[in-house]
Each structure stands twice: as C-alpha cells, then as structure tokens.
Participant: 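I have a structure I would like to understand better, so I am pasting it below and will then ask my questions one at a time.
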Amino acid sequence: MSEPNTQSARAQMQISDEIAIQITAMNKWYGQFHVLRDINLTVNRGERIVIAGPSGSGKSTMIRCINRLEEHQSGQIIVDGIELTSDLKNIDKVRSEVGMVFQHFNLFPHLTILENLTLAPIWVRKVPKREAEETAMYFLEKVKIPEQAHKYPGQLSGGQQQRVAIARSLCMKPRIMLFDEPTSALDPEMIKEVLDTMIELAEEGMTMLCVTHEMGFAQAVANRVIFMADGQIVEQNNPHDFFNNPQSERTKQFLSQIL
Ligand code: ADP
Ligand code: MG
C-alpha cells in the first residue's frame with residue numbers, strides 16, 4: 001500500500017494556500033423546495049474533491065451553482081476571487097475559468113471533433129483559427145485520440161466522446177474543472193479510460209470537483225471526499241478516514257449501500 005500513500009503525499013504538496021472557491025452560508029430553492037441548505041465550502045487551489053451522496057441530495061445543483069448554471073438565493077459564492085452575482089460580466093469571467101464536464105457529453109453532432117474543440121475558442125475567445133486548432137490537437141493528444149479529429153461524435157465510442165468533452169473544456173484553459181458523473185453514462189469497459197484522463201489532470205495539479213460514484217477513483221485521487229444528503233454537506237474527510245471511519249449514520253448507511 002505504499003504507492004497510494006506516496007501518491008497522496010505527492011498530491012498533497014500541490015495544494016496551495018490560495019483559495020479557488022469559497023462558498024459561505026449558501027442556500028438555494030427551486031420554487032418552494034429548499035434544495036441547498038447552508039452550504040459552506042472552501043476549496044484551495046490544487047484540491048481534488050469528490051462529492052458523493054444519494055441521488056437527489058443536491059450534488060449537481062451545488063456544482064452547477066459554482067459556474068452559475070444555477071442561481072443561489074442567499075449566501076456567497078466566490079470563484080477565483082470573483083463573486084457570483086447577477087452581474088453578467090462576472091458570470092462570463094467565472095465561466096471562462098471553470099470547465100464543466102457532464103454525464104452526457106453534449107458534443108455538437110453535426111460538427112467534427114476538431115470543430116467541437118475550436119468553436120468556443122474561436123467565437124468566444126476570439127482565438128485565431130490556426131492557433132485554436134493547434135491547441136485542440138494538443139489536448140486531443142493529451143486525451144489520446146488525435147486520430148479522431150476529423151470524425152463526427154456519432155462515429156466515436158462513449159468513452160472517446162467523453163474524452164473529447166474533457167479536451168473541449170481544456171481548450172478554454174480553465175483553472176478549475178467540475179465533473180458531474182462523467183462516467184455514469186458509459187459502458188463499464190470505457191469507464192477506466194475516462195478516469196485515467198481525469199487522474200492525469202489531477203496529477204498536473206488541476207483543481208477538480210467531481211461528483212462520482214467511482215469510489216476507487218475517490219480513494220486514489222481525491223484529497224477530500226464530501227458527503228451530501230438532503231441538500232446539506234453532512235460530512236467531509238480525507239478518503240482514508242471517510243471510507244474507514246465515517247462519522248454520521250447517514251454516511252455509514254450510504255457507504256454500506258455502495259461499497
Ligand atoms: P443530485 O445531483 O444529488 O442527484 P440534484 O442537484 O440533481 O441532485 O437535485 C436535487 C433535488 O432538486 C432533487 O430533489 C431534484 O428533483 C430537485 N431538482 C433538480 N433540478 C431541479 C429543477 N430544475 N427544478 C426543480 N427541482 C429540481
Ligand atoms: Mg446529479
């Protein structure tokens with residue numbers, strides 16, 4: 001077991017004192033439904049956080065609030081020093097720093113892989129086409145499918161499409177990556193290739209928040225596991241203590257169901 005320890009020690013060193021995300025006393029409602037209750041969370045740069053919890057506990061809503069795909073109604077969310085309010089300029093700034101990968105890859109089916117990767121850099125970031133294509137190829141190499149550049153999403157496997165989705169996010173040079181169950185829609189044999197891509201990103205020091213049921217990934221990569229239930233952060237700990245010594249009954253019950 002010395003390898004994981006060495007790994008986590010090495011990973012631990014990459015966490016800086018600089019705050020990437022600060023959420024304070026944040027609440028959100030969908031109509032009358034109080035979906036997020038008094039969320040407090042500080043994420044330092046370089047942290048790799050896994051968010052776990054039963055379905056419907058508010059995991060997606062919480063990470064969607066971080067890039068303002070959802071609005072919170074009270075409390076404060078500060079991302080990279082920028083407070084999320086209704087100020088559209090701030091929202092644009094935050095979205096350019098935060099990449100997001102969803103369960104469903106959301107690639108444009110009528111565009112090639114290369115076009116999917118260069119669309120936002122060219123039209124949103126005003127990057128010259130040649131440069132955007134070079135960057136896209138760099139990240140396709142990184143996710144190990146440069147040979148797919150001129151195909152259409154429908155011609156790729158699910159695992160390949162998800163790696164394209166990750167590469168597409170990286171083309172915008174984010175400082176933080178949010179993943180919402182990126183492997184849940186994949187056939188089992190494709191899960192590993194996507195997790196391997198995420199592990200590489202983690203090793204390079206990317207700040208990551210991942211909603212996932214892949215507890216092996218959590219144990220290998222996360223420096224912190226957050227457990228949510230009923231719209232609250234119930235418990236958080238380093239993976240070793242989270243899995244071996246859960247504190248709350250709710251966490252114990254959840255772990256007994258999934259492990
Ligand atoms: P999780 O990702 O943990 O499964 P979600 O954040 O998706 O949970 O959902 C939390 C709760 O909020 C669930 O009860 C869900 O039904 C509800 N919910 C999610 N999105 C909406 C929405 N757009 N409008 C109303 N209720 C929603
Ligand atoms: Mg969800």
Side-chain angles (χ1 to χ4, degrees), residues 21-41 43 47-77 79 84 86 91 94-95 98-107 158-159 161-162 165-166 169 174 176-188 190-191 194-195 198 207-218 221-222 224-237 239 242-243 246-259:
I21 302 168
Q22 178 124 49
I23 303 179
T24 313
M26 188 265 277
N27 286 272
K28 173 171 179 59
W29 288 261
Y30 286 123
Q32 299 290 309
F33 177 55
H34 197 174
V35 59
L36 294 176
R37 298 159 179 265
D38 203 31
I39 301 287
N40 290 291
L41 176 66
V43 179
E47 278 205 90
R48 299 154 313 278
I49 294 179
V50 160
I51 302 168
S55 174
S57 55
K59 306 180 298 295
S60 294
T61 304
M62 185 172 84
I63 66 166
R64 290 168 66 86
C65 282
I66 294 171
N67 66 351
R68 197 79 174 181
L69 290 176
E70 294 289 349
E71 254 178 61
H72 60 289
Q73 276 89 40
S74 76
Q76 201 180 36
I77 302 178
V79 179
L84 285 174
S86 47
I91 294 172
V94 163
R95 288 199 184 141
V98 180
M100 179 141 180
V101 173
F102 304 87
Q103 182 175 351
H104 299 286
F105 331 120
N106 304 339
L107 300 173
Q161 289 188 58
Q162 191 60 299
I166 294 171
S169 280
I176 298 168
M177 286 287 288
L178 308 175
F179 294 88
D180 194 357
E181 300 199 28
T183 59
S184 297
L186 298 177
D187 291 333
M190 292 170 191
I191 292 177
V194 171
L195 293 179
M198 294 167 64
T207 307
M208 297 167 58
L209 271 75
C210 314
V211 177
T212 181
H213 302 297
E214 296 293 332
M215 293 300 129
F217 172 81
V221 177
R224 179 152 51 127
V225 181
I226 287 179
F227 176 71
M228 289 184 72
D230 304 324
Q232 288 177 301
I233 295 177
V234 172
E235 179 165 348
Q236 48 182 313
N237 217 329
F242 179 82
F243 290 108
Q247 299 297 304
S248 85
E249 283 311 313
R250 198 75 188 73
T251 313
K252 287 178 196 167
Q253 186 196 349
F254 175 76
L255 290 175
S256 73
Q257 286 163 353
I258 60 157
L259 292 180

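Just follow the structure's listing: the first ligand is 1, and inside any ligand the first atom is 1. Excluded from the calculations below are hydrogen atoms, water molecules and symmetry mates; all remaining heavy atoms, backbone and side chain alike, are included. Counting from 1, the numbers follow the sequence of the chain as shown.
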Participant: Within the 4.0 Å heavy-atom shell around S57, which atoms of ligand 1 are there?
Facilitator: 1 (P), 3 (O), 8 (O)
Participant: Is atom 12 (O) of ligand 1 in close reach of the protein, with a heavy atom under 4.0 Å away?
Facilitator: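 There is a protein heavy atom less than 4.0 Å from atom 12 (O) of ligand 1.
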Participant: Does the protein put a heavy atom under 4.0 Å from atom 15 (C) of ligand 1?
Facilitator: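 Not a single protein heavy atom is under 4.0 Å away.
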Participant: Counting only heavy atoms, which portion of T61 has something under 4.0 Å from ligand 1: side chain, backbone, both, or neither?
Facilitator: both
Participant: Considering all heavy atoms of both residues, which atom of E71 and which atom of Q73 are nearest to each other, and what is their separation?
Facilitator: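 Smallest interatomic distance, heavy atoms only, reads O-NE2, 3.5 Å.
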Participant: Nearest protein heavy atom to atom 8 (O) of ligand 1, by residue and atom, and its distance?
Facilitator: G58 N, 3.2 Å
Participant: Using a 4.5 Å cut-off on heavy atoms from C-beta on, say whether the side chain of P246 contacts that of F227.
Facilitator: no
Participant: Pull out every atom of ligand 1 sitting under 4.0 Å from any heavy atom of V35, numbered as shown with elements.
Facilitator: 10 (C), 11 (C), 12 (O)
Participant: Taking all non-hydrogen atoms of both residues, which atom of R95 and which atom of N67 are closest, and how far apart?
Facilitator: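 Taking every non-hydrogen atom into account, NE-O, 2.9 Å.
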Participant: Check for me whether G31 has a heavy atom closer than 4.0 Å to any atom of ligand 1.
Facilitator: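 In this structure, G31 fails to qualify as a contact of ligand 1 - no heavy atom is under 4.0 Å.
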Participant: Do R250 and D230 touch side chain to side chain, with heavy atoms closer than 4.5 Å?
Facilitator: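 Heavy-atom side-chain distance check passes, below 4.5 Å.
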Participant: Show which atoms of ligand 1 fall inside a sub-4.0 Å distance from at least one heavy-atom site of P54.
Facilitator: 3 (O)
Participant: If you leave out waters, which protein N, O or S atoms are less than 2.8 Å from the Mg ion (ligand 2)?
Facilitator: S60 OG
Participant: Could you check whether any heavy atom of G53 sits closer than 4.0 Å to an atom of ligand 1, since that is the contact criterion I want to use?
Facilitator: no
